[in-house]
Amino acid sequence: MELDNSKLLLKRNITIVAIVTPKWKEEAQQQLQMQMDRLDSQLQQLEMQAQQAVSELKAKSTQPLGPQAQQQIDNLQMQVNQRKAQFLEQKNQILQQLQQVQTVEMDQEVSQGQIENLFYVGKGDNLVQKLKVEVVIKDGEIIDIRGEL
């Protein structure tokens, strides 16, 4: 295989654009609901682990609780509260996305993310044009490729 010194292999991000259909809306809502359920499960697990850890700390320490044991419990509770706040923030973001999915119009184009792609460039090529590539899908099927391959 001969090396071509006139071409350069580069990497670009290609935007995936989906056309909104009833199927797209249903799948997007299901996916977001699964994320929400997973967060709820993680939140419950965090609560149980925190309760168990506090119980173990209380069982190991003398009655009444010493200042060191109380400090450990307070630190643990603070960490748990920070983690809960992160989970609740994520749930709030998912709820906002669910609302957006419900209100988006049929046949509208929405960004689905990006994928990486390798491509060749050579002298005289328009790099800006070669970087602007989109793949348009409808219910998972590619219906258009926009831009210069």
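In this chain, residues are counted from 1 in sequence order.
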## Note on the structure
Residues at least two apart in sequence or cross-chain that pass side-chain hydrogen bond (donor to acceptor under 3.5 Å, both in side chains) with Lys25, listed by chain then number, are none
### Query
So does Glu109 pair up with Arg146, basic N to acidic O under 4.0 Å?
yes
Name each donor-acceptor pair under 3.5 Å that joins a side chain in residues 93-101 to protein atoms two or more places apart or in another chain, with its distance.
from, atom 1, to, atom 2, distance (Å)
Gln93, NE2, Glu89, OE2, 3.4

### Heavy-atom closest pair, residues Ile19 and Ile143
CD1-CD1, 3.3 Å
### Test log, rule side-chain contact (heavy atoms from CB on, under 4.5 Å), inputs Gln52 and Glu56
CA-CA 6 Å; Gln52 184 178 3; Glu56 288 175 9; 3.5 Å; yes
### Message
Is any side-chain heavy atom of Val133 closer than 4.5 Å to one of Asn117?
### Response
no
### Task
Write down the atom of Val20, the atom of Trp24, and the distance for their closest heavy-atom approach.
CG1-CE3, 3.8 Å
### Message
With side chain to side chain contact (heavy atoms under 4.5 Å, CB included) as the test, pick out the partner of Gln129 among Leu131, Leu127, Asp125, Asn126.
### Response
Asn126
### Query
Which of these passes side chain to side chain contact (heavy atoms under 4.5 Å, CB included) with Ile142: Val136, Ile16, Val135?
Val135
### Query
Going by an N to O cut-off under 4.0 Å, is there a salt bridge joining Lys132 and Glu148?
no
### Summary
Residues Leu118 and Lys11: closest non-hydrogen pair is CD2-CB, 3.9 Å
### Query
Can you name the residues that form a side-chain hydrogen bond (donor to acceptor under 3.5 Å, both in side chains) with Arg83, not counting sequence neighbours?
Gln86
### Task
Run through Met34, Gln44, Lys91 and flag the one making a side chain to side chain contact (heavy atoms under 4.5 Å, CB included) with Leu39.
Lys91
